[in-house]
Amino acid sequence: MERRKIAVVTGASSGIGLATAQALGRAGLDVFLVGRHPARLRAAAAGLPRGRLRGRAQADLASLDDLRALIVQVLGLGHVDLLVHCAGEYDRSEAGRFDPERFALLFDVNVRAPYLLTQGLLVALARARGQVVFVNSSVVRGAGEGVALYKSTQHAVQGLTDSLRQDLNRRGIRVTSLYPGRTATPRMARIYRREGKRYRPALLMSAADVAGVVVALAQLPAGVEVTDLHLRSVHRY
Ligand SMILES: NC(=O)c1ccc[n+]([C@@H]2O[C@H](COP(=O)([O-])OP(=O)(O)OC[C@H]3O[C@@H](n4cnc5c(N)ncnc54)[C@H](OP(=O)(O)O)[C@@H]3O)[C@@H](O)[C@H]2O)c1
């Protein structure tokens, strides 16, 4: 019998992660959902095609205890074909503001968590000759006014992804950095509201657009790796 492919998706309760989990389920992968809130996780699980939910874990990725428990739970699956890092925190700060707790939180969730989760799941990923997709951001390319903290976490993720790729490729694991531009998600709606700008989601990419790219990556032959992929809407506004 053919082995069923397993995808583990963080941030599976909202936006790009939610759309990615659903698209992977529709594409025939079993999906393991990771999120913070039980009710949102339940709703995400209910949206998967019948039989595609491989499990779910409630984890606050800022917590090392939750991360350890998550790694143990996922290793219990035996193999992981695809690990998609979609969970993330965002921050916009006024000049002169100083919030060390926020600084630590963003680095814990955006950088430390995907790093530790990838390292913790290496054996299961290697067993499947799997793939890891880091959902990064187009913010690494622009000046990013007002988002120094968020931007610095995304540059850190870029650095760790580039370096990890060298080690992981030797074990047969492929690593992709995905850099979406502005995408219509609950986070983006909040950002436009905060910026006092009219929110026009039809002019942005949809979460499903980004999810479709992750599905395409999952369907690549095991010998092919896409290292970096920049996505953006054709509309400018
Ligand atoms: N939207 C865009 O335009 C855009 C562009 C470029 C890159 N991205 C990247 O895409 C990823 C997803 O963004 P999105 O727009 O889809 O945002 P979103 O709708 O706000 O979703 C963020 C996800 O991250 C989870 N999360 C946040 N903090 C967490 C924590 N401490 N522990 C566990 N989970 C946590 C959230 O869980 P809860 O449901 O529990 O809050 C949610 O599932 C982010 O990494 C973001 O940087 C987004």
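Counting convention: from 1, in listed order, for ligands and their atoms alike.
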Between [X] and [Y], does any side-chain N to carboxylate O distance fall below 4.0 Å?
X	Y	answer
Lys5	Asp81	no
Arg129	Glu225	no
Asp91	Arg97	yes
Arg36	Asp60	no
Arg182	Glu195	yes

[atom]: the protein heavy-atom neighbour that sits closest, reported with distance to 0.1 Å:
atom	answer
atom 16 (O) of ligand 1	Ile16 N, 2.8 Å
atom 47 (O) of ligand 1	Tyr150 OH, 2.7 Å
atom 38 (P) of ligand 1	Arg40 NH1, 3.2 Å
atom 18 (P) of ligand 1	Ser14 OG, 3.6 Å
atom 14 (P) of ligand 1	Thr185 OG1, 3.7 Å
atom 12 (C) of ligand 1	Cys86 O, 3.1 Å
atom 23 (C) of ligand 1	Gly11 CA, 3.9 Å
atom 41 (O) of ligand 1	Arg36 NH2, 2.7 Å

Tell me whether ligand 1 is touched by [X] - counting only heavy atoms on the residue side and a distance under 4.0 Å.
X	result
Arg190	yes
Tyr90	no
Ala207	no
Asn136	yes
Gly181	yes

Nearest neighbour of [atom] from the list [options], on a heavy-atom basis:
atom	options	result
atom 27 (C) of ligand 1	Gly88, Ala39, Ser63, Gly35	Gly88
atom 36 (C) of ligand 1	Ala87, Ser233, Ser13	Ser13
atom 33 (C) of ligand 1	Ala184, Ala59, Gly15	Ala59
atom 46 (C) of ligand 1	Arg232, Arg187, Gln58	Arg187

pair [X]-[Y]: side-chain heavy atoms closer than 4.5 Å:
X	Y	result
Leu75	Val80	no
Ile173	Gln131	no
Ser163	Leu160	no
Gln158	Tyr179	yes
Tyr90	Val109	no

Exercise for review: Go through the steps for Arg3 and His79 under the test side chain to side chain donor-acceptor pair (under 3.5 Å), then give the verdict.
Suggested key: CA-CA 10 Å; Arg3 185 175 64 74; His79 66 273; 2.6 Å; yes
Those atoms of ligand 1 less than 4.0 Å from some heavy atom in [X]:
X	result
Arg182	3 (O)
Met188	1 (N), 2 (C), 3 (O)
Val135	9 (C), 10 (O), 45 (O)

Practice item. Give a yes or no on this: more than 12 heavy atoms of other residues, nucleotides or ligands lie within 6.0 Å of atom CZ of Phe103. Key: no
Please report whether ligand 1 has a polar contact with [X], defined as an N or O pair separated by less than 3.5 Å (distance criterion only).
X	value
Pro180	no
Asp60	yes
Thr183	yes

Review point. For residues Tyr150 and Glu89, is any side-chain donor paired with an opposing acceptor at under 3.5 Å?
Key: no
Check your understanding: Which of these passes side-chain contact (heavy atoms from CB on, under 4.5 Å) with Val34: Val9, Val74, Val8?
Key ->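 One option only clears the test, and that one is Val8.
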